Amino acid sequence: MSGQMTTDKDKMAVGRLKSRPQFLAVRAGESRRGPLFLLEVLDRNDPEGEARVGFTVTKKHGNAVERNRMRRRLKEAVRLSAGFAMKPGHDYVIVARRDLLNAPFDALTRALRDRIENKPKPKRPPAGSRKS
């Protein structure tokens, strides 16, 4: 079996979210926005469980061919690189944006890995809202 560089231990099992209630549950978690996609993350408090991922591409982002292409690009990016960054016991939903269709693939994988690994910075309070 030459040519195989990774072992089964190196690969992290990433499950799939398939039902609507699973997707809706993840919406209660945190959101990490970006120009190519929105990443929603939910900690299931199950450190032994596998990471699970779901993909959403809405109809406003093009016809079926374009939506399927966006979904395939996201799946491949998760398979190749982002799956390793996903934490066990967490659910991830990736909501595609239109710019994903024409973005270079390496930029997509880099952005996905960064969004998964980095928590969003806390938002600053609006100006003038300081207590005296």
Side-chain angles (χ1 to χ4, degrees):
M1 242 173 113
S2 64
Q4 187 175 358
M5 304 277 288
T6 59
T7 64
D8 288 337
K9 291 180 183 177
D10 295 336
K11 294 181 183 178
M12 185 179 147
V14 177
R16 290 291 305 274
L17 297 174
K18 294 184 180 178
S19 69
R20 181 168 168 76
Q22 291 174 329
F23 278 82
L24 293 176
V26 178
R27 296 196 71 184
E30 72 178 84
S31 295
R32 302 175 187 174
R33 289 173 179 78
L36 301 177
F37 54 86
L38 165 69
L39 179 68
E40 297 173 331
V41 183
L42 177 68
D43 184 358
R44 297 191 321 264
N45 295 319
D46 180 17
E48 300 298 317
E50 67 181 0
R52 299 186 304 184
V53 65
F55 304 95
T56 300
V57 184
T58 62
K59 285 188 175 183
K60 70 179 180 181
H61 292 311
N63 61 25
V65 173
E66 292 169 329
R67 292 193 312 266
N68 287 335
R69 195 165 138 234
M70 285 188 254
R71 193 173 295 112
R72 283 194 308 268
R73 293 186 87 204
L74 283 171
K75 285 180 184 180
E76 189 66 5
V78 167
R79 186 184 74 81
L80 289 177
S81 61
F84 303 111
M86 292 182 173
K87 296 178 186 171
H90 285 66
D91 286 344
Y92 299 87
V93 172
I94 304 169
V95 183
R97 297 189 197 272
R98 181 72 181 174
D99 293 339
L100 177 79
L101 198 56
N102 298 317
F105 190 74
D106 61 333
L108 169 61
T109 56
R110 191 171 42 252
L112 189 55
R113 205 173 5 206
D114 290 346
R115 286 276 174 280
I116 290 170
E117 292 174 349
N118 299 325
K119 289 192 172 191
K121 296 175 184 159
K123 292 183 180 172
R124 295 188 329 193
S129 66
R130 259 191 244 188
K131 294 181 180 177
S132 306

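Model, not experiment: these values are computed from the prediction. Just so you know, residue 1 is the first one in the sequence shown, and it goes up from there. Just so you know, these numbers use all the heavy atoms, side chains as well, and skip hydrogens, waters and symmetry mates.
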Minimum heavy-atom distance between [X] and [Y], given as atom pair plus value:
| X | Y | answer |
| --- | --- | --- |
| His61 | Met70 | O-CE, 3.2 Å |
| Leu112 | Ala77 | CD2-CB, 3.9 Å |
| Pro88 | Pro47 | CB-O, 3.5 Å |
| Arg67 | Thr58 | CD-O, 3.2 Å |
| Leu36 | Ala111 | CD1-CB, 4.3 Å |

Between [X] and [Y], is any pair of side-chain heavy atoms under 4.5 Å apart?
| X | Y | result |
| --- | --- | --- |
| Lys87 | Tyr92 | yes |
| Arg113 | Arg110 | yes |
| Leu74 | Leu108 | yes |

For Asn63, what residues pass the side-chain contact (heavy atoms from CB on, under 4.5 Å) criterion, not counting sequence neighbours?
-> Val65, Glu66
Short question: side chain of Arg44, backbone of Glu50 - any donor-acceptor pair under 3.5 Å?
-> yes
Approximate separation, where rounding is to 0.5 Å, of Thr109 OG1 and Arg73 CZ = 9.5 Å
Partners meeting side chain to side chain donor-acceptor pair (under 3.5 Å) with Arg52 (sequence neighbours left out) = Asp91
Start with the C-alpha distance between Ile94 and Val78, add both sets of side-chain angles, then the distance that settles side chain to side chain contact (heavy atoms under 4.5 Å, CB included), and finish with yes or no.
-> CA-CA 10 Å; Ile94 304 169; Val78 167; 3.8 Å; yes
Quick check: are there more than 12 heavy atoms from other residues, nucleotides or ligands sitting under 6.0 Å from CZ of Arg27?
-> no
Report the hydrophobic cluster partners of Leu42, with the cluster defined as I, L, V, M, F, W, Y residues connected by side-chain heavy atoms closer than 4.5 angstrom, directly or transitively.
-> Leu17, Phe23, Val26, Leu38, Val93, Val95
Only one of Arg97, Glu40, Arg115 passes side chain to side chain contact (heavy atoms under 4.5 Å, CB included) with Arg33, and that residue is Arg97
